[in-house]
Student: 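Please find one structure pasted underneath; my questions will follow.
Note: hydrogens, waters and symmetry copies are ignored here, and every other heavy atom, side chains too, is used. Residue numbers begin at 1 in each chain, while the letters A, B, ... track the order of the sequences.
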Amino acid sequence: GEDVEQSLFLSVREGDSSVINCTYTDSSSTYLYWYKQEPGAGLQLLTYIFSNMDMKQDQRLTVLLNKKDKHLSLRIADTQTGDSAIYFCAEKDAGNMLTFGGGTRLMVKP
Amino acid sequence: EPEVTQTPSHQVTQMGQEVILRCVPISNHLYFYWYRQILGQKVEFLVSFYNNEISEKSEIFDDQFSVERPDGSNFTLKIRSTKLEDSAMYFCASSGTLGGEQYFGPGTRLTVT
């Protein structure tokens with residue numbers, strides 16, 4: 001079946017940029033998403049990118065997509081302590097099913 | 001801002017019992033989903049639902065599971081005879097269009113003892 005992989009953990013200092021990486025295997029992905037999960041909360045949709053784009057910027061968030069390598073990244077500029085959370089990458093194929101990565105826990109140190 | 005809500009936030013049940021997890025999707029959305037996340041594992045798709053029928057389901061969604069939209073606002077997931085391995089966080093999601101962004105609720109933590 002399709003697979004989405006992420007590194008488990010990232011630690012950065014407040015004010016630095018964070019880059020969270022994701023790889024996927026489904027060559028028929030149509031959209032790729034980034035969700036944020038804070039402790040005890042649900043999955044908050046942060047941003048998404050259509051598969052025929054290679055970059056999308058949304059305020060402090062920049063999504064880069066390398067479709068050839070099936071690699072997606074999320075860059076958070078000027079990372080704040082409030083950005084500490086688990087970040088999930090997900091891909092959607094031609095249907096409506098999302099396939100999630102295991103999540104990357106971002107820790108922001110003051 | 002409209003949001004998906006789920007009740008209860010935590011449900012404890014004994015093995016073999018039936019449980020119903022409830023969701024209220026965003027009001028003008030037409031596509032509904034259930035996902036689950038077993039502790040320490042990935043979020044997994046269970047089922048999608050549109051126009052009062054299942055449109056897609058995963059291998060996990062066997063005969064023990066069913067979904068229903070009993071009225072104009074609720075969307076439910078029923079597990080007929082719970083097993084220990086059904087213990088997980090269950091997330092409901094909805095989207096306004098086919099293939100549109102899916103907005104998730106806060107989840108129901110189901111504990112089967």
Student: Would you kindly say whether S55(B) and Y31(B) are connected by a side-chain donor-acceptor distance under 3.5 Å?
Tutor: no
Student: Suppose a student defines contact as a heavy atom less than 4.5 Å from any heavy atom of chain B. Which residues in residues 67-92 of chain A would they list?
Tutor: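 Only F88(A), K92(A) of residues 67-92 of chain A have a heavy atom under 4.5 Å from chain B.
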Student: Under a 4.5 Å heavy-atom cut-off, does chain A meet the side chain of E56(B), its backbone, both or neither?
Tutor: side chain
Student: Considering only heavy atoms, which portion of Q37(A) lies under 4.5 Å from any heavy atom of chain B: side chain, backbone, both, or neither?
Tutor: side chain
Student: Tell me, for L98(B) versus chain A, whether the close heavy atoms (under 4.5 Å) come from the side chain, the backbone, both or neither.
Tutor: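 For L98(B), backbone and side chain are both near chain A.
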Student: Heavy-atom distances under 4.5 Å only: say whether L45(A) touches chain B with side chain, backbone, both or neither.
Tutor: side chain
Student: Using 4.0 Å as the upper bound for N to carboxylate O, is an ion pair formed by E44(B) and R36(B)?
Tutor: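 A salt bridge is present here (some side-chain N lies under 4.0 Å from a carboxylate O).
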Student: What distance separates S48(B) OG from F32(B) CZ, expressed to the nearest 0.5 Å?
Tutor: 11.5 Å
Student: Taking side-chain contact (heavy atoms from CB on, under 4.5 Å) as the criterion, tell me which of T62(A), I49(A), L61(A), L65(A) meets it with K56(A).
Tutor: I49(A)
Student: Do K42(B) and D3(A) meet the salt-bridge criterion of a basic N to acidic O distance under 4.0 Å?
Tutor: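 Yes, charged N to carboxylate O under 4.0 Å.
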Student: Measure distances from Y35(B) to the heavy atoms of chain A and classify the residue's part below 4.5 Å as side chain, backbone, both or neither.
Tutor: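 For Y35(B), the side chain is the part near chain A, not the backbone.
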Student: Closer than 3.5 angstrom, by distance alone: can the side chain of S51(A) be matched with the main-chain N or O of T30(A) as a donor-acceptor pair?
Tutor: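 Yes.
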